[in-house]
Every structure is written in structure tokens, then in C-alpha cells.
2 protein chains.
Amino acid sequence: MSQYQAALEPLRTLFAAMPPVAALGVEAVDFDGERLHLRAPLAANVNDKGSAFGGSLAALMTVAGWALLTLRLWQLGIEAEVYVADSSIRYLAPLHADLAASAWLDDARDWDGFVATLRERGRARLKVAAQVGLPEGGAASAMQARFVAFAKR
Amino acid sequence: MSQYQAALEPLRTLFAAMPPVAALGVEAVDFDGERLHLRAPLAANVNDKGSAFGGSLAALMTVAGWALLTLRLWQLGIEAEVYVADSSIRYLAPLHADLAASAWLDDARDWDGFVATLRERGRARLKVAAQVGLPEGGAASAMQARFVAFAKR
């Protein structure tokens, strides 16, 4: 098990302790150090039309972005409170399969500055991208969001 | 019971039939013909910090906008499939109470054109605004979104 895979265990514990995340069946699947992959079953996230509920897509991408930053900060030994600040979501195609989301830094070059600012000022913001894929390729939904982290004292 | 209140009953039936909406405890509270009010308990929507999970706020505002258009179309005897097309959400303040969301048309003057286009072309888009309030006043979170409706044949 890689250091990245091992980092998923405390994330799973956190997910299980967050009632809405548990209720939507959100699972941490994989992390390669840059991209975090989550899944959630269609059955727990279906709308009146048999496709994935837009609110579930939004929730899953939001938790993916939040979890990505939380994980990456843990890997540096930084405990921080991470909050979503704003997000912009496009719903591109109906999804009739389980929800597979991934999240990554919108611009990886921003990471070092984010960490330095968080360490110096106790607070920093970063842009994250996320999407939920379609089984046939392409995206069902895409999110751009900004998150803010507050260092725990 | 006003015509508006009566319109909440089929909405409640729909909510109960949508697993993620039921799991988050979303309830249709009030409709005055222009604003739809929904609620969801904090306990079912709490994050790791004891405040409302951002994904739940996004989901609740999304379902509020979707339900507003669905309700208003029902009142005209129009059965349509309503989908969220895109949304922009700002998270303004942490919420440590039950989630109370409202949704309304971003510009009420667009309604007649939306209905005319839907009837003529079988498809139309409309902007909706929604927010989740704070108990002390103001907003915990605000959404601007576009929805698209497809007339059922």
C-alpha cells in the first residue's frame, strides 16, 4: 500500500463521521498524490428521472475538493480547517450510472504558495477543480471552486 | 389551505421518492406563489466541524430551485422535466442551525417568456436565485443558477 493509499484510511473515518457524506454513500477510492477519486452509488443519489440528482453531483464534487486539500495538508503534517468558499458548476450530461468524482488542483503551481501563506498567516485560499465522469468518457458535471484553509493552533 | 399550500403536497411526494433528498431530510415548508421555502435538519447535514456541510447547502439550494420551477409549471398545468444547467454558489458564513432555504426567480419578468418558449419550442431556460439563511439574519450561502425545462410530450 503506497503512502497515498494509506492516507485514504483517516479520510474514510472522517466520511463515516459526516452524516450527509455517509448518507450519500460517498467512498474514497484512490489517491495518487495529485488526484483524489471518490465514488457514490447511483441508487443513493438518483432523482425523479432515474439519473443522478444535480444536488448529489454538487455535494460529491464539493466533498472531493475539500478532501483533496485535507489529505494533501495531512501529508505535510498540517492540521487545518478547510472550507469551501465559492464554486461554479456546470451540468453537462445526465448520468445513469454510479457517480465517480475526481478532484485536483486547478493550477498545481499554486500549491507551494498556498502552504507558505497558510504557515505564515494561518489562512490561505486555493482553487480546486473537480468533475464527475460519464462511463462512456467525458464529464457529466464539472466544478471550479475556491477553498480556504485555517491553520489549527 | 391556499392553492399554493396545496401545491406542496405533490412536491412532498416527489421529495420522498428521491433518495438523496429524503436522506438529507429535505422538507417543503411554504410557498406563497413566488418564494418556495424548504428546510433540512442540521443533524443530517452536519460536517466535521459541527456546522452545515457545504455540499448539503449546495444540494438544498439546487433542489429548492428545481422544485420552484416544477411547482410553478404545475400551476399552469405544464408537465416538464426540469434540470439544473449551471450554478454559482458563494459560502458566506458557517451555519450552526437547521438549514432553511428559499428560492425565487432571479428576474420575475422572465417568467412569461420562459413559459411561452417552453410551449412553443418544448424547451426553455430560466435563472433562479436561492439562499440558505442564518438564524440571526443574512445568508449562510447564496446561489445563482440556470435551469432548463423540457416539455413532456
Revision key, fill the gap. Looking only at heavy atoms, the pair that brings F53(A) and V63(B) closest together is CZ-CB, 3.9 Å
**Study point:** Any residue of residues 11-29 of chain B which, by heavy atoms, sits under 4.5 Å from chain A
**Key:** L14(B), M18(B), P19(B), P20(B), V21(B), A23(B), L24(B)
Review point. Going only through I, L, V, M, F, W and Y residues with side-chain contacts under 4.5 Å, is there a path from L42(A) to L60(A)?
Key: yes
Practice item. Identify which of E81(B), R90(B), M143(B) forms the greatest number of heavy-atom pairs closer than 4.5 Å to chain A. Key: E81(B)
Point to revise | Path from I89(B) to Y83(A) over hydrophobic side-chain contacts below 4.5 Å | key: no
Review point. If two hydrophobic side chains count as joined below 4.5 Å and joins carry through other members, does L71(A) share a cluster with L69(A)?
Key: yes
Practice item. Please flag which part of S88(A) lies under 4.5 Å from any non-hydrogen atom of chain B: side chain, backbone, both or neither. Key: both
Review point. What residue in A43(A), S51(A), S87(A), A58(A) has the most heavy-atom pairs under 4.5 Å with chain B?
Key: S87(A)
Exercise for review: Establish whether L76(B) and F147(B) are linked, either directly or via other cluster members, by ILVMFWY side-chain heavy-atom contacts under 4.5 Å.
Suggested key: yes
Exercise for review: Between chain B and each of T62(A), D48(A), V148(A), N45(A), count heavy-atom pairs under 4.5 Å; write down the option with the most.
Suggested key: D48(A)
Revision key, fill the gap. Sorted by chain and residue number, the ring pair (Phe, Tyr, Trp, His ring centres under 6.0 Å) partners of F31(B) (sequence neighbours excluded) come out as Y4(B)
**Study point:** Within one Ile-Leu-Val-Met-Phe-Trp-Tyr cluster: I78(B) and W111(B), side-chain cutoff 4.5 Å
**Key:** yes
Review point. Got more than 12 heavy atoms from elsewhere within 6.0 Å of CD, E34(A)?
Key: no
